[in-house]
Student: 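Here you go, one structure.
Here the structure is a predicted model, which means the values were calculated and not measured.
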Amino acid sequence: MSRKGEVRKIPTRLTGAAGEHFVMFHLYRRGVMVGQPPQGVPDVDLLVLDEKTNVVKNIQVKARTKGADGGWHMKDKHERLVSSRLWYVFVDMEPELPVCYVIPSSVVAEVVRLEHATWLATPGKNGHQHKTSDMRRVKPNYSYDVPGFPKGWMEQYREAWDSLLTA
C-alpha cells in the first residue's frame, strides 16, 4: 500500500492489460467487434472481426507509462512482423487521458529496423561503438536522425482509428 500522494510503480503486465482494454473500448465506441485471442497466441493481442465474425485485423498493443525517452520497447522480431492485417496501437498512458497511435506493421517494421541501424552507426558513450542486441525502441522523437522518421513522425498516426477501420 502506498502513502497518500505517493505514486506506486505499476507492474508492466497491468499496464499492458489496461492498454488492451483501452483499445477495446475505443473500438467498441466505433461499433467494431473486437476480442482477445486465446492466451499465448504470439504477436497478437486483439482480433478485429467483421459482421460475419471473420478476423479482418490483428492488433498488437504496446502500452507504456513513465519512460525517460518517451518510447516503447520492441524486439528485433518486430523488424520482420509485416502483414497488411497486422497493426500496432501504441498507447501512452501518461497524459491525463491516454493517447493512442494507430500504425500499420509495415511502418513499425521500417522504423524499428532503421532506428536500430542508425543507433548502431552512432557513437555511444566516450565514442565507443554500440553493440547490437535484440532490444529496439519506437519513439516519437529520436535524439539522432533516423531517415524518414523526423521529430514528431508519430503525430500523423495519433488517434488514427479510421485508418485501421478502412485499410
Student: For Lys62, what residues pass the salt bridge (Lys or Arg N to Asp or Glu O under 4.0 Å) criterion, not counting sequence neighbours?
Tutor: none
Student: Of all residues at least two apart in sequence or in a different chain, which pass the side-chain hydrogen bond (donor to acceptor under 3.5 Å, both in side chains) check with Lys75?
Tutor: none
Student: With sequence neighbours excluded, what pairs up with Glu94 under the side-chain hydrogen bond (donor to acceptor under 3.5 Å, both in side chains) test?
Tutor: none
Student: What pairs with Gln36 under side chain to side chain contact (heavy atoms under 4.5 Å, CB included), at least two apart in sequence or on another chain?
Tutor: Glu20, His21, Met24, Leu46
Student: Applying side chain to side chain contact (heavy atoms under 4.5 Å, CB included), can you list everything that pairs with Lys151, at least two apart in sequence or on another chain?
Tutor: Asn141
Student: Looking at residues at least two apart in the chain, or sitting in another chain, which of them share a salt bridge (Lys or Arg N to Asp or Glu O under 4.0 Å) with Asp45?
Tutor: none
Student: Enumerate, atom names and distances included, each donor-acceptor pair closer than 3.5 Å involving a side-chain atom of residues 121-128, sequence neighbours excluded.
Tutor:
| residue | atom | partner | partner atom | Å |
| --- | --- | --- | --- | --- |
| Thr122 | OG1 | Thr118 | O | 2.7 |

Student: Please report, to 0.1 Å, the donor-acceptor pairs under 3.5 Å made by any side chain of residues 102-115, with sequence neighbours excluded.
Tutor:
| residue | atom | partner | partner atom | Å |
| --- | --- | --- | --- | --- |
| Ser105 | OG | Ser83 | N | 3.0 |
| Ser105 | OG | Ser83 | O | 2.9 |
| Ser105 | OG | Leu86 | O | 3.1 |
| Glu110 | OE1 | Arg113 | NH2 | 3.2 |
| Glu110 | OE2 | Arg113 | NH2 | 3.1 |
| Glu115 | OE2 | Tyr144 | OH | 2.5 |

Student: Glu155: what forms a salt bridge (Lys or Arg N to Asp or Glu O under 4.0 Å) with it, not counting sequence neighbours?
Tutor: Arg158
Student: Please identify each residue that fulfils ring pair (Phe, Tyr, Trp, His ring centres under 6.0 Å) with His130, with sequence neighbours left out.
Tutor: Trp119
Student: Under the ring pair (Phe, Tyr, Trp, His ring centres under 6.0 Å) rule, collect the residues that match up with Phe22, sequence neighbours excluded.
Tutor: His26
Student: Could I get the full list of salt bridge (Lys or Arg N to Asp or Glu O under 4.0 Å) partners for Arg30, not counting sequence neighbours?
Tutor: none
